[in-house]
Amino acid sequence: MIIKAPAKINLFLEVLNKRKDGYHNIETLFLKIGLFDKLNFKLIKKGIKISCMHPDVPEDATNLVYKAAKLLQQKTGSDKGAHIIIQKKIPVFAGLGGGSSDAAAALLGLNKLWKLGLEQKELLGLARKIGADVPVFVTNYTAAIGRARGDKLTPLDLENKFWILLVKPDISVSTKEVYGRLSSSLTRTKNDVKLLVHALRSKRMELIEKTLFNRLESAAFKQYKQLNKIKQMISAHGVRAVLMSGSGSVIFGLMNSRKEAIKLKQEFQGAYDVMVVRSL
Ligand code: ATP
């Protein structure tokens with residue numbers, strides 16, 4: 001059985017405050033995109049075996065797919081085994097949620113493979129235990145607003161699709177470090193995700209440009225000047241809606257036209273890892 005695990009970008013990420021559990025309360029807008037890892041599930045007698053050719057993805061118990069499988073076994077008492085082969089297409093340490101999406105695909109895939117019959121609500125509960133970005137991938141929402149740790153979800157129907165240029169420099173940003181660098185000023189003005197939703201529905205790039213936001217950008221840009229340089233370069237080519245996704249290091253440009261996105265891809269090819277994808 002094969003399941004496709006999509007990537008996401010964050011079109012909005014505001015950090016509200018730090019929680020007692022160490023996480024931050026955030027408000028974010030997830031948009032799923034047409035870039036997928038593939039997970040192949042095979043029933044075996046015993047144990048959980050992970051195979052992945054990607055050098056930065058562990059095949060041991062630290063793989064989020066392994067954690068998902070273990071949680072399912074603990075919850076249901078199932079002693080069936082699985083060999084899960086992960087074919088990685090989503091760049092790692094990119095802010096595209098690859099590991100989280102793989103974990104969600106494992107919850108969905110193993111629920112079927114092992115005939116566990118868990119309902120979505122139960123799968124969401126397990127997803128939350130794995131990570132704040134996992135629940136959105138358990139749902140079939142193509143876009144959603146995430147509140148609390150980013151895991152309290154409201155689905156969004158955007159109707160229109162976007163073409164997206166993804167530029168990934170050879171930098172691995174640590175999510176923990178970026179959050180740690182945030183200045184904790186409480187007086188700053190908060191940005192409003194509702195204005196962005198309105199802008200996205202209008203398809204007007206000049207409105208989207210004004211309302212896209214990522215609170216983590218300045219902290220990441222301070223540490224890695226190259227990220228801001230990439231953002232400036234994409235903007236210099238006439239793209240109005242440009243932002244860092246999640247805690248980085250992918251910088252994306254949002255466009256209405258495929259042609260424009262493909263043309264830009266050619267500009268950046270060679271220097272960076274670049275892709276053109278469509279929103280789901
Ligand atoms: P996010 O947007 O969720 O922050 P990210 O791009 O920062 O995503 P990922 O690529 O999802 O991060 O994960 C990177 C880390 O997670 C690495 O340390 C990697 O070893 C570990 N990891 C565990 N399981 C996986 C997996 N299935 N795929 C990718 N990375 C995984």
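When a ligand or atom number is given, it counts from 1 through the structure's own listing order.
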Could I get the full list of side-chain contact (heavy atoms from CB on, under 4.5 Å) partners for Asp192, not counting sequence neighbours?
Lys194, Leu195
How would you list, by chain and number, the residues with a heavy atom under 4.0 angstrom from ligand 1?
Lys8, Asp56, Val57, Pro58, Thr62, Asn63, Leu64, Lys88, Val92, Phe93, Ala94, Gly95, Leu96, Gly97, Gly98, Gly99, Ser100, Asp102, Asp133, Thr175
Quick one: sort the Phe12 and Phe213 rings into parallel, tilted or perpendicular, breaks at 30° and 60°.
tilted
Is it the case that Lys8 places NZ or CZ above or below the six-membered ring of Phe30, under 6.0 angstrom from the centre and within 45 degrees of the axis?
no
Write out all pairs satisfying side chain to side chain donor-acceptor pair (under 3.5 Å) with one or both partners inside residues 42-62, taking only residues at least two apart or from two chains.
Ser51-His83, Asp60-Thr62
Please tabulate, for the side chains in residues 230-243, all donor-acceptor contacts under 3.5 angstrom to protein atoms that are two or more places apart in sequence or on a different chain.
unit_1 : atom_1 : unit_2 : atom_2 : d
Lys231 : NZ     : Glu217 : OE1    : 3.0
Lys231 : NZ     : Glu217 : OE2    : 3.1
Gln232 : NE2    : Asn228 : OD1    : 3.1
Ser235 : OG     : Lys231 : O      : 3.0
His237 : ND1    : Met233 : O      : 2.9
His237 : NE2    : Glu267 : OE1    : 3.4
Arg240 : NE     : Glu209 : OE1    : 2.8
Arg240 : NH2    : Glu209 : OE1    : 3.0

Could you see if Val136 belongs to whatever hydrophobic cluster contains Ile90? Use Ile, Leu, Val, Met, Phe, Trp, Tyr and a side-chain cutoff under 4.5 Å.
no
